[in-house]
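For reference, the structure is listed below as structure tokens.
Note that ligands are numbered from 1 as they come in the structure, with each ligand's atoms numbered from 1 the same way.
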Amino acid sequence: MRLAITGNPGVGKHTTAKFVAKKIQGSRIIDINKFAIDKNAILRKDTKYGIDVDVKRLRKMINDELRTITSDIAIIGHLAPYVLRPSDVRHVIVLRRSPYELVKTLEQRKYSLEKIRENVASEILGVSLYDALKTFGKNKIVELDTTGKRPNYIADEIILSMQKEIVSQIGIVDWLSLVYTKGDLHNFLEY
Ligand SMILES: Nc1ncnc2c1ncn2[C@@H]1O[C@H](COP(=O)(O)OP(=O)(O)OP(=O)(O)O)[C@@H](O)[C@H]1O
Ligand SMILES: [Mg+2]
């Protein structure tokens with residue numbers, strides 16, 4: 001397994017990855033944010049937006065690290081499209097989550113209103129999928145909707161998609177139409 005799990009902050013990447021790792025014996029998780037901090041590949045700490053990583057350095061460090069790893073591995077983080085090379089991974093999962101659920105999660109995290117709006121808008125517009133497509137191309141990407149599903153179930157879906165070699169499952173959600181239909185477009189996308 002050479003798996004990347006990406007998606008907007010709060011969609012459930014880490015929660016899901018833990019279940020995947022538990023189900024694949026002997027597998028390891030690399031948390032990109034944690035790796036960046038541990039290896040000091042940080043340009044600055046931004047109090048408002050968290051860490052600002054040194055993408056170029058981190059890219060090389062992760063690539064070097066991956067060369068030394070022979071076990072199954074899941075690489076997790078929204079920075080995956082910026083720090084991984086297409087040849088680093090075989091499968092890329094982009095997790096998606098309804099903006100209505102995402103907003104609650106980000107509120108629970110006590111993110112600022114500005115940061116919540118930015119992240120939710122990014123999820124509605126599908127920025128994480130777009131970023132992943134640019135880096136990895138559509139053939140490696142499976143997009144999964146986590147809304148209302150248990151992490152254990154999502155982990156099974158991920159493993160099944162790898163086993164069946166399901167590729168190019170994209171365009172499965174349309175949050176923009178959803179929020180438009182519900183009359184919430186301005187709530188989510190206007191300042
Ligand atoms: N399938 C799910 N259903 C309900 N709640 C979930 C689900 N997956 C994760 N959560 C909850 O949502 C929150 C965010 O999950 P998690 O930390 O895994 O997101 P993340 O994508 O890793 O975020 P980040 O990019 O900021 O690290 C957590 O409180 C977690 O318990
Ligand atoms: Mg996380």
Non-hydrogen atoms of Gln108 versus ligand 1: any pair closer than 4.0 Å? no
Validation row, ring centre Phe188 to ring centre Tyr100 under 6.0 Å: yes
Checking heavy-atom distances from atom 8 (N) of ligand 1 to each of Gly77, Ala17, Gly12, Pro9, the winner is Gly12
Relative to ligand 1, is Ile76 under 4.0 angstrom through side chain, backbone, both or neither, heavy atoms considered? neither
What protein heavy atom sits nearest atom 18 (O) of ligand 1, and how far off is it? Thr15 OG1, 2.5 Å
For Thr105, the atoms of ligand 1 under 4.0 Å from one of its heavy atoms are 12 (O), 13 (C), 14 (C)
Does the side chain to side chain donor-acceptor pair (under 3.5 Å) test come out yes or no for Arg67 and Asn63, once each step is laid out? CA-CA 6 Å; Arg67 279 174 208 274; Asn63 190 262; 3.0 Å; yes
Flag if over 12 foreign heavy atoms under 6.0 Å of NZ, Lys39: no
With a cut-off of 6.0 Å (strictly less than), are more than 12 heavy atoms of other residues, nucleotides or ligands near CZ of Arg85? yes
Between the candidates Lys34, Arg109, Arg150, which shows the shortest non-hydrogen contact distance to atom 26 (O) of ligand 1? Arg109
Has Gly10 got any heavy atom lying under 4.0 angstrom from an atom of ligand 1? yes
Test: Lys115 cationic atom under 6.0 Å from Tyr111 six-membered ring centre, within 45° of axis: yes
Ligand 1 atoms in contact with Ile154 (distance to a heavy atom under 4.0 Å): 1 (N)
Closest approach of any protein heavy atom to atom 7 (C) of ligand 1, naming residue and atom: Pro151 CG, 4.1 Å
Is Phe35 reachable from Val55 through a run of I, L, V, M, F, W or Y residues, each pair having side-chain heavy atoms under 4.5 Å apart? yes
Out of all atoms in ligand 1, which are within 4.0 Å of some heavy atom of Arg97? Include the element for each. 4 (C), 5 (N), 6 (C), 12 (O)
Does a salt bridge link Arg96 with Glu143, judged by any charged N lying under 4.0 Å from a carboxylate O? yes
By number and element, which atoms of ligand 1 are closer than 4.0 Å to a non-hydrogen atom of Lys149? 1 (N), 2 (C), 3 (N)
At what distance is the nearest protein heavy atom to atom 25 (O) of ligand 1, and which residue and atom is it? Lys13 NZ, 2.6 Å
Applying the 4.5 Å side-chain criterion to the ILVMFWY set and letting contacts propagate, would Ile172 and Ile154 be lumped into a single cluster? yes
With respect to His14, determine whether any N or O atom, backbone or side chain, lies less than 3.5 Å from an N or O atom of ligand 1. yes
Per-atom contact, atom 21 (O) of ligand 1, protein heavy atoms, under 4.0 angstrom: yes
Which atom name would you report as the N, O or S atom of His14 nearest the Mg ion (ligand 2)? ND1
Here the gap from Asp131 atom CG to His78 atom NE2, rounded to the nearest 0.5 Å, amounts to 9.5 Å
Would you say Lys23 has more than 12 foreign heavy atoms packed within less than 6.0 Å of its NZ? yes
